[in-house]
Amino acid sequence: MRPLPYVFFVLAVLCLLSSRVPAQTCSGRIAGIVKDAHGTEEMAFANVYLVEQGRGVEADETGRFVIENQCPGPVTLRFSHIGCDPEEMKFTFRTDTVLEVYLHHHENYTQTVTITSTAGNVGYEERLDRQSDRQLSDVLEGINGLSSLRTGTAAAKPVFDGLFGNRLSIQNNGVAQAGQQWGNDHAPEIDPWVAAYVRVVEGVDALQYGGSTLGPTVLIEPAELGPRTKSGGKVAYGFRSNGLGHTLNARVTDSAFVAYRLSGSLKYAGDQRTPDYFLTNTGHREANLALQVAKYLNPRLTLRGYYSLFNAEIGVLRGSHIGNLSDLEEAIGRSEPFFTEDRFGYTIASPRQTVSHHLAKAELEYQLNEKDRFTLLYGGQLDDRKEFDVRRGDDDRAALKLVQITHNVQTTYQRTLPGRQRVEAGLQYERVDNQNQPGTGILPLIPDYNAQRAGAFATYRREVDALRYHLGLRFDHQFYEPITISRDLPRRILRYRHNFNAVGGAAGASHRISARIRTDLELTYRERAPQINELYSQGLHQGVSGIEEGDSSLVPERSAKLTGGVRFTAASGRLSIGVSAFYQRIAHYINLEPQPDFRLTLRGAFPVFRYRGIDAELYGAKLNLFGQLGDLEVDSRLAILRGYNRSDDQGLIYLPATNWRTSLQYPFPGEMVLNLAALVVEKQSNVVPEQDLLPPPPAYALFDIGLSKRLSLGTNTLDLALEVDNALNQVYRDYLDRQRYFADAPGRSINFRLSYSW
C-alpha cells in the first residue's frame with residue numbers, strides 16, 4: 001500500500017473510534033458566599049463572572065453562589081455588586097472549592113460615593129497609600145461631588161454638594177472629629193496614611209453620626225483588625241519636586257496575642273512654586289502616629305482601641321498679610337504677591353500655624369446572639385492650636401492660642417428581625433471645653449466656651465423582594481456657655497447661654513429593577529444649631545487673612561433635601577454607570593459674606609467678612625462612569641452644582657464650579673500601570689463680581705500622568721511610582737481658594753514614590 005492512502009486509512013479508523021469515545025465532561029464545583037468587608041452583611045444578588053469562559057452566575061438573596069461543571073485549570077473570578085468595588089480572584093482549580101469573598105460596600109441603602117478604580121488589580125487600601133504624601137482633601141477629591149475649600153497650600157477642607165465647614169461632619173474611625181473646625185484654613189487633623197476607606201454617607205445612614213452636620217458625613221476608616229488580619233508591614237518614601245517635599249511612612253501589623261496596627265508618618269516640605277514665582281513661606285511639617293488594637297475576648301465579645309497623634313506646622317503665604325489699606329487694595333488681584341522671594345526656602349516664619357491633635361478611642365462590642373449586637377464607645381480628643389502673626393520687632397508670641405478638650409460617649413444597639421429587617425438605635429453625649437491660653441496680648445477671635453450636646457437616633461430598614469426601604473429619626477440638644485471680653489472700654493467679662501434643639505429625619509427606598517439596575521430616592525430633613533464662630537467671632541482670622549464678625553442672634557438652619565439616582569452595573573463588572581441629582585432648601589442658612597470696605601488694624605489691613613442668616617437653595621447632578629475596554633480602564637466623573645441666595649436674589653458664593661474628572665489606566669505586562677488624568681473646571685458663572693473681592697477666575701484644565709511598577713521579591717513586594725502633577729505647568733487660580741486674592745496656585749510637580757511591603 002502506498003504511503004498516502006495508508007495515512008488516509010489510519011485517519012479514517014481513528015475518526016471512527018473517536019465517535020465511540022464519550023466527550024470529556026467537567027464536574028468540578030465552586031461554591032461560596034459574598035459578604036461586605038466587615039462580614040456583617042451578605043451581598044444579595046452579587047455577580048460572579050468567570051473571565052476565561054465569559055459566563056457568570058448570580059448569588060441568591062443570602063449572597064451564596066454555585067458554579068457547576070468547572071474544568072481543572074486557571075480560573076479568574078470577578079465579583080461585583082451594585083455599590084461595591086469589583087474584586088478579582090485568581091487561582092488554579094483542581095478540586096471542589098468553597099470561597100468566602102469580601103467586598104467593600106459603599107451603598108448601604110442610600111447614596112454613598114467612593115473611589116472605584118481597580119486597574120492593575122490594586123486594592124482600595126493600596127490606592128489610598130499611594131496618595132499618603134498628599135493632603136487628606138486631595139484624597140477626598142476622588143469622590144464625585146466633593147471639592148476642597150482651600151487656603152493656598154496651607155490647608156483645605158472638603159465641600160460636598162455645596163456644604164462645608166461645620167455643616168459637613170467628619171468621622172475619624174467612628175469618632176466625630178473635633179478641633180477648631182470653624183476655620184476654612186483648618187484642615188482635618190487626620191493623616192491619610194492611616195485611612196483604608198474614605199466615603200460619604202447621607203440620609204438615613206448619616207443620622208447615626210454625631211457632630212454638627214446638615215446632612216452629609218465623611219467617613220475616614222482604617223482597615224479593620226479581625227480574625228482574618230495577616231501579619232505584615234510596609235515602609236514608603238515619597239518625594240515631590242514642588243516644595244522639595246519628603247514623606248516617610250511606615251506601618252506594621254500583627255495578630256499574636258492581640259491584633260494591632262502601628263503607623264507613623266513624617267512630612268517635610270518647603271516653599272511651593274507657581275509657574276512664575278515662589279509662594280514665599282508656604283512650607284509644611286508633619287509628624288504623625290497611630291496605634292490600632294483589637295482583642296477578640298470570645299466569639300461574642302470584642303474590645304477595640306485606637307490612638308492617633310497629629311502634629312503639624314504650616315506656613316501661611318507672606319504676601320497675604322499687608323500693612324496698610326492702599327497696599328491691600330493693590331495686593332488683591334496682583335499678578336505676583338508682595339514679599340515674594342526669588343529663591344526657594346524651607347524656613348517657616350510668621351504668619352504660621354502649629355497644631356497638635358490627640359485622639360483616643362475605646363470600643364466594646366458585645367454580640368448577644370445572632371440577632372442582637374450592643375456597642376459602647378468612648379472618644380476623647382485634645383486639640384492644641386497656635387497661630388502666629390507678623391509682629392513688630394522680635395515679638396514671636398502667638399496671636400491665638402486655643403486648647404480644646406472633647407469627650408464623646410455613645411452606645412448603639414442593633415437587632416436583626418425576621419423577614420430581612422433591621423433596627424438600630426443609639427444615644428450620644430459630647431462635652432467640649434474650649435479655652436484661650438493667656439500671653440497673646442490680643443483679644444481672642446473665638447471666646448472661651450463650654451458646650452454640651454446630647455443626641456439620640458433610631459433607624460429601621462427592611463428588604464422585601466426587589467424593594468429596600470429605610471427611615472430614621474434624630475434629635476439633638478445643644479448647649480453653649482461662651483465667656484467673652486467686651487470690645488469697648490473698660491474691658492468686662494461677659495457670659496452668655498444658648499440652648500438649641502435640632503431634629504432630623506430621613507426616609508428613602510431602593511428598588512432593584514433587575515440584577516443590573518437599581519434606583520434610589522431619599523428625602524432628608526435636618527436642623528443645625530449655629531456654631532460658636534458664627535455667633536461670636538470678632539477679630540482677625542489669621543489663616544485666611546481676613547477679619548470675621550459673628551452674629552449672636554443667629555438661629556438654627558433648617559434643611560430639606562431630596563435625592564434620587566439610578567445605577568447600572570454590568571454582569572462582568574466591567575461597566576458601571578451612576579446618575580444622581582438633588583434639590584435642597586435651607587432656611588436661615590448662615591452665610592459668611594465679604595464686605596465692601598477693608599479695615600486697618602494694628603496688625604495690618606484686612607478684608608472684612610460677616611456671618612448672616614439667609615434663605616438658600618442648592619441643586620445639582622452627578623454622573624459616574626467606570627468602564628473597562630479590554631485592558632484600558634476609564635473612570636469619569638462629572639459634578640454640576642448651583643446655589644442661590646433667595647433672600648437677595650443672587651447666587652451663593654464659595655460653591656464649586658462645574659467640574660469633570662477623568663482618568664485612564666492601562667496595565668502593561670510585568671505589573672506596570674500607566675495612568676493619565678484630566679481635571680476640567682469651568683468658570684464660576686453663578687455669582688456677579690460685586691459679591692466678592694475679585695471676580696471668579698477663568699476656567700482651567702489640569703493634566704496629570706503617572707507610571708507605576710510592582711516588583712515581586714519572593715513573598716514581598718516593591719512598588720515604584722513616578723507621577724507628574726499639572727504636567728503642562730498651567731497658570732490658574734481656583735475659585736474655592738481664599739488665597740486666590742493674592743497669588744496663583746502651585747505649578748508642576750514631579751513626584752517619586754517607592755514602598756516595600758512584607
Please tell me if the side chains of D744 and Y732 come closer than 4.5 Å, counting only heavy atoms from C-beta onward.
no

Would you mind checking if E593 and R610 are paired as a salt bridge, meaning a charged N to carboxylate O distance below 4.0 Å?
no

Does this structure show an ion pair linking E329 with R334, if we count only N-O contacts that are shorter than 4.0 Å?
no

Contact between P746 and L279 at the side-chain level, heavy atoms closer than 4.5 Å - yes or no?
yes

Would you verify whether the NZ or CZ of K561 falls within 45 degrees of the ring axis of F582 while also being under 6.0 Å from that six-membered ring's centre?
yes

Is the distance between the ring centroids of H246 and F239 under 6.0 Å?
yes

From I405 CD1 over to N434 CG, what is the distance, rounded to the nearest 0.5 angstrom?
10.0 Å

Check: N591/Y654 side-chain N/O donor and acceptor closer than 3.5 Å:
no

Can you measure from CZ (F598) to OG (S326) and round to the nearest 0.5 angstrom?
11.5 Å

Do P351 and R318 touch side chain to side chain, with heavy atoms closer than 4.5 Å?
yes

Can you tell whether the side chains of D396 and R352 come within less than 4.0 Å, N to carboxylate O?
yes

May I ask you to check whether over 12 heavy atoms, not counting those of D649, lie within 6.0 Å of atom CG?
no

So, for L168 and V159, which heavy atoms are closest and what is the spacing to 0.1 Å?
CD2-N, 4.4 Å

Under 6.0 Å from the ring centre and within 45 degrees of the ring axis: does the NZ or CZ of R733 meet both conditions for the six-membered ring of Y700?
no

Going by the side chain to side chain contact (heavy atoms under 4.5 Å, CB included) test, name the single residue among N288, L289, L309 that passes it with D191.
N288

Out of K401, R285, K386, which one pairs with T354 under the side chain to side chain contact (heavy atoms under 4.5 Å, CB included) rule?
K386

Flag this pair as yes if the NZ/CZ of R740 is under 6.0 angstrom from the six-membered ring centre of F742 and inside a 45 degree cone about the axis; otherwise no.
no

Give a yes-or-no answer on whether the side chains of Q531 and N533 include a donor-acceptor pair shorter than 3.5 Å.
no

Between Y449 and Y536, does the ring centre distance come in under 6.0 Å?
no

Any carboxylate oxygen within less than 4.0 angstrom of a Lys/Arg side-chain nitrogen, looking at D271 and R343?
no

Side chains of T658 and W660: donor-acceptor distance under 3.5 Å anywhere?
no

Is R738 close enough and on-axis enough to F609, meaning under 6.0 Å and within 45°, for cation-pi?
yes

Salt bridge check, R661 against D635: does any charged N sit closer than 4.0 Å to a carboxylate O?
no

Derivation and outcome, side-chain hydrogen bond (donor to acceptor under 3.5 Å, both in side chains), residues N729 and R273:
CA-CA 11 Å; N729 208 24; R273 180 180 174 85; over 6 Å; no

Rounded distance (nearest 0.5 Å) linking atom OG of S320 with atom CZ of F339
10.0 Å

Do E286 and S265 have a side chain donor and acceptor closer than 3.5 Å?
no

Tell me yes or no: between the side chains of D725 and S749, is some donor less than 3.5 Å from an acceptor?
no

With the threshold set at 4.0 Å, does a side-chain nitrogen-carboxylate oxygen contact exist between E387 and R385?
yes

Under 3.5 Å, is there a donor on one side chain and an acceptor on the other for H357 and Q381?
yes

Can a side-chain donor-acceptor contact be found between N686 and Y644 if the only test is distance below 3.5 angstrom?
yes

S169 and T213: side-chain donor and acceptor closer than 3.5 Å?
no

Should R642 and E617 count as an ion pair when the cut-off is N to O under 4.0 Å?
no

Can a salt bridge be assigned to the pair E557 and R526 using a cut-off of 4.0 Å between side-chain N and carboxylate O?
no

Please determine if R528 and E534 form a salt bridge, counting it only when a charged side-chain N lies under 4.0 Å from a carboxylate O.
yes

Using the ring-ring contact (aromatic ring centres under 6.0 Å, His included) rule, collect all pairs that involve residues 128-150, keeping only residues at least two apart or in two chains.
none

Could you check whether R599 pairs with E549 (Lys NZ or Arg NE/NH1/NH2 to Asp/Glu carboxylate O, under 4.0 Å)?
yes

